[in-house]
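Remarks on the structure that follows.
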Amino acid sequence: MTTEIYLDGNATTAVLPAAIAAAADAMGQRYGNPSSSHGTGLKAKVLLDQTRACALRLLGVGDGRLMFNSGATEGIQTAVLSALVALRERRERGDAIGNLLVYGATEHKAVPESLAHWNRLLGLNLTLQKLPVDQDGAHDLALLRQWAPQAALVCTMAANNETGIVTNLAAIEVLLAETGSAAYWLVDCVQALGKLDLDLASTRIDYAPFSGHKLYAPKGIGMLYVRAGAPFTPLIMGGGQEGGLRSGTENMAGIAALGAVLSALERGDTFRSHHQLASFRARLADSLRAALPGVVFNHPFDQSLPTTLNFSVPGLSSRELMDVFDAAQVRVSSGSACSAAKAAPSYVLDAMQAPLWRSAGAIRMSFGPLADQATIEDACRRIERCGAALRASCLIPSERTAAPHDGLLQLGVEGACSWLVLDAASRSCIVIDPLPDMTSRIESYVRCQNYQVQAIVCTSPGIDRSILISALGRHVDSHAATDAYGWPASGHAIELGAQTLFSVADGAARHYLLGTAVDAALPPQAVRFAFSARPAVEALRALTCAHTLLCPTRDEHNQFCVGMAAPATPATPAALQLDRAALDAFLQEHPDTELIDVREPYEFAATSTPGTAGRGARSVPLSRLAEHASEWLRGAQQGTPTPLVFFCRSGNRSLKAAQLLRRLGHAQAYSLSGGLALAPLAHAA
Ligand code: PLP
């Protein structure tokens, strides 16, 4: 069984074994309340004091204050509240405070959200001013210089979580001094801890929040540095813990664990040097360049943390990249928040004026300073495998022609879809309703499989096909005479291997019927598929039969296809799902069950140990489901339904597949709940 390689260190990290031991000790042995004056409490107090002393030395806190809290989001709140309360008091005294709350355009959302929240709650009505960054992610210092005299608070993170870009804090410090700015200065140091040298008291930084879980301590523990003389207002009042700065009984397990991490940092014997980390990044970058042609790194390495790579690959969405890496058990994150349908662009890369394809397709690969050479080498091998899997699936250019596919392929985007009818024997295909967004996908698919496109037909008239025709080059006859729907002027049917496509006029719309022709016609019983812009079409009823599948070119609800017969009563999701134990029992009872992996072929290919529960699993991605559904239904209609269990990574896609089959009348279709993530089938009996 392949182990996972975790390359998402900027999101969170595993806990250092010494930190786990320290937390266990704090919970099991030194469990006292540090405020208690008896011996048990005193032991806890010693632990608390030792940890604080270590943090003070390591961060160069000097005369400043350092409190433990729940993490950086709390630290940011506290810092913003402290600065804004002081500003309000100064304003009430009649002092000029400036009217701008300036924050870098690439700050973590916790910063602008807290600014807006406390600005409103405190009734300050200062102006939130986003400071732009350049294409390399560096703050616009000329603009900051201009704004500095009116700035009440300036927030500039030490290093960015998406790109690792390091802020030139020294230059900002000079600028604030030169302009005589009285602004408070908040520097989010979350991503800097353990990766950049910090000597806080030697700077004019007023507030610096930290988070334990970004550096091998558990979630729920953090620190806030406050410069000596900087105003402070507690966020949480109560028993006066942390010298009254932050009440509430201390999270001693978290503090002990953080203490173990901080002392490892201080000793310098646990974490890799900057140089070693930079060599790991270079190795990963080389392997990405080799595996994913055209990969673009979205940040200058020499101005970034050595532990972060943020990249985009032309023609690939972040969803596809995430999926293929995840299949190879390499955990990365998409640089942007993405939904299943379409990735939302990353606000960080947008701020850096990256083009949309890079901003919406970005992947972040990040590791912590505990990374080791063997893991990096293993990651590189898996990256290579991901590249090969994507090439074999025609998602990235390949010198070799991929093995041709047969049957139907659905290519969808945001509720619309194009269909490709493929014939491997003659290496030819027909495109139905080409979507502009799918042009490059169709082109690379056709080129990579070396198909000849016989026709590009549409269900409505006047659709512009010229962009696709020119993209396809020699793979299509660009001079063929067609009508307004792209249908060849020369014939009433298009033959594709053993199948024939017929066109049906329906007012201004066209529908297309596919099947094996009998005497140059297509009797209803022979129609396997009907293509239409509409999911329910009366005009087709007399021309098709109960086992015809209607493939709509609008598919907002991810139905894939619908049957011409009345849909079966929908089963509840619960009735369709088998957990791991139920699957074992089901397989015992139904040894003829087919296990179907509905992940995309590149995910299937990138999986080192495809889950098979001791039997062969077939790869039928959702994009090919209609084709296979038609076969499975034929078996079911002949009275011999093969039991089907679909699986995918998380259980979402497989549930959709099982729902489709049930809707179409197959009574024995199930989904593995939780997917491979929760129930790795390779362990099956
Ligand atoms: N600031 C940055 C730069 C971060 O990366 C994060 C974590 O995602 C935070 C703040 C929030 O930290 P926490 O999870 O400790 O609240």
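We count ligands from 1, going down the list as the structure has it; atoms in each ligand are counted the same way. Numbers here simply count residues along the sequence, with the first being 1. Below, each value reflects all heavy atoms present in this structure, side chains not excepted, and no hydrogens, waters or symmetry copies.
- Annotation: Tyr216 is in aromatic contact with Phe271 [ring centroid separation under 6.0 Å].
- Checked by atom type, the side-chain pair Thr156/Trp185 shows a donor-acceptor distance below 3.5 Å.
- Pocket lining of ligand 1, defined as residues with a non-hydrogen atom under 4.0 Å away: Gly71, Ala72, Thr73, His108, Met157, Asn161, Asp188, Val190, Gln191, Ser211, His213, Lys214.
- Judged purely by distance below 3.5 Å, without hydrogens or angles, the side chains of Thr203 and Arg227 never pair a donor atom with an acceptor atom.
- Of the candidates Asn310, Thr308, Asn298, Asn10, Asn310 is the only one forming a side-chain contact (heavy atoms from CB on, under 4.5 Å) with Glu162.
- If you check the side chains of Lys219 and Thr12, you find a donor sitting under 3.5 Å from an acceptor.
- For His299 and Phe297, the ring centers sit 6.0 Å or farther from each other.
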